[in-house]
Engineer: 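The structure under discussion is supplied below as structure tokens; questions concerning it will follow.
These numbers come from a predicted model, not from an experiment. Every heavy atom of this structure was used, including side-chain atoms; hydrogens, water molecules and symmetry mates were not. For this chain, numbers begin at 1 and follow the sequence in order. Indexing begins at 1, ligand by ligand and atom by atom, following the structure's order.
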Amino acid sequence: MLSAPVTRDLEITIIPVGEPLYMLVSDRTRERALEKMRADFVANSSHELRTPLASLIGFIETLRGPAADDPEAQQHFLGIMAEQAARMQRVIGDLLSLSKIEISEHSPPKEMQHLPFLLERIVAGMEPMLKAQGTQLVFAAPADLPQIQADADQLTQVFTNLLDNALKYGKPGGEIKLVATDQPDTRFPPGGIIVSVADDGIGIPREHIPRLTERFYRVDKGRSRSIGGTGLGLAIVKHVVNRHRGKLVIESEPGQGTVFTVWLPGPSR
Ligand code: ADP
């Protein structure tokens, strides 16, 4: 058997099984793209963890040396170290969530869930943060919405991430709208439930929208990191929505705000 690459992504294999001559042409474009995605993911994850780790190591050296006899400086450095450690913890937590969701992605959830309940609990948990930022939350989810097959923990993660982002990238003192409905929307198949999270914040330039759900993709890296982002929130959202066989639509206008709309299908027959 003789194999020879024709181009980087195309390989020809000649199989000597007598006459006629068999030739296998394999297109390795997809395989290569997956390999690259995997390699990028490992490189990005390492980078995201290495940066706070390097900073921790630096501060430990400072605490042992120049700051050893300076209690005020020690307190200051310990504060920064705590922030860096918390950042590593958030990245590791999100990476673990993502890998768990990916493992479950081929088996859609079976449990029936009542979404208004779930959303109410999330909203209650966010009350202190909303108050601290002076943000108004308009919440509407009719109690009689039909139940759907869903994973409650994963959907809690989805709407927590979207509301978290609406707060992080929203206008201080602005408004967030969280609306759940079973009214038809021509963008989605009939049936099911639609939940939208809208903010009136900084918005997202059009060219970034298609890439937002990639792991570690951020419009403004510095801003995301300084407000505690991991760059994994929307990747988690996309994978959970995929597992539920749902759809995610992102609409945004820079300077005006952003709307994330999640459609989740009704129970499968
Ligand atoms: P992060 O942890 O950085 O917020 P996400 O995956 O949740 O990561 O979001 C990816 C990027 O998408 C963010 O860094 C930000 O640039 C952009 N983004 C997400 N939600 C919003 C929003 N509501 N308004 C403006 N930009 C947003």
Engineer: Return a yes/no value for G203: is any of its N or O atoms, backbone included, closer than 3.5 angstrom to an N or O of ligand 1?
Structural biologist: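 No - when backbone and side-chain N and O of G203 are compared with those of ligand 1, no distance drops under 3.5 Å.
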
Engineer: Using a 4.0 Å heavy-atom threshold (strictly under), name the region of T258 that reaches ligand 1: side chain, backbone, both or neither.
Structural biologist: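 Near ligand 1, T258 shows its side chain, while the N, CA, C and O stay back.
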
Engineer: Which is closest to atom 14 (O) of ligand 1 by heavy-atom distance: R90, R218, R215?
Structural biologist: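 Heavy atom nearest to atom 14 (O) of ligand 1 belongs to R218.
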
Engineer: Evaluate I202 for polar contact with ligand 1, using N/O atom pairs at a separation under 3.5 Å.
Structural biologist: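 No, I202 has no N/O under 3.5 Å of an N/O on ligand 1.
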
Engineer: Do any nitrogen or oxygen atoms of A235 come within less than 3.5 Å of a nitrogen or oxygen of ligand 1?
Structural biologist: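 Min N/O separation from ligand 1 is not below 3.5 Å for A235.
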
Engineer: Quick one: look at D199 and ligand 1, take heavy-atom pairs under 4.0 Å, and tell me if it's side chain, backbone, both or neither.
Structural biologist: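 Side chain only.
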
Engineer: Counting heavy atoms only, which part of V219 comes closer than 4.0 Å to ligand 1: side chain, backbone, both or neither?
Structural biologist: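 It is both parts that get close, each with some atom under 4.0 Å.
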
Engineer: Flag the pair E251 and R187 as a salt bridge only when some basic side-chain nitrogen lies within less than 4.0 angstrom of an acidic carboxylate oxygen.
Structural biologist: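 Salt bridge: yes.
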
Engineer: Look only at interatomic distance and state if T230 has a nitrogen or oxygen under 3.5 Å from any nitrogen or oxygen of ligand 1.
Structural biologist: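 The answer is yes, given that T230 and ligand 1 share an N or O pair closer than 3.5 Å.
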
Engineer: With a 4.0 Å cut-off on heavy atoms, is G201 in contact with ligand 1?
Structural biologist: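 No, that is not the case, since the closest heavy atom of the residue is not under 4.0 Å from the ligand.
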
Engineer: What part of H208, side chain from CB on, backbone N/CA/C/O, both or neither, has a heavy atom under 4.0 Å from ligand 1?
Structural biologist: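 The answer is neither; H208 stays 4.0 Å or more away.
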
Engineer: Give the atoms of ligand 1, by number and element, whose distance to some non-hydrogen atom of I204 is under 4.0 Å.
Structural biologist: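 The list of qualifying atoms is 25 (C), 26 (N), 27 (C).
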
Engineer: Look only at interatomic distance and state if F260 has a nitrogen or oxygen under 3.5 Å from any nitrogen or oxygen of ligand 1.
Structural biologist: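 No: no nitrogen or oxygen of F260 is under 3.5 Å from one in ligand 1.
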
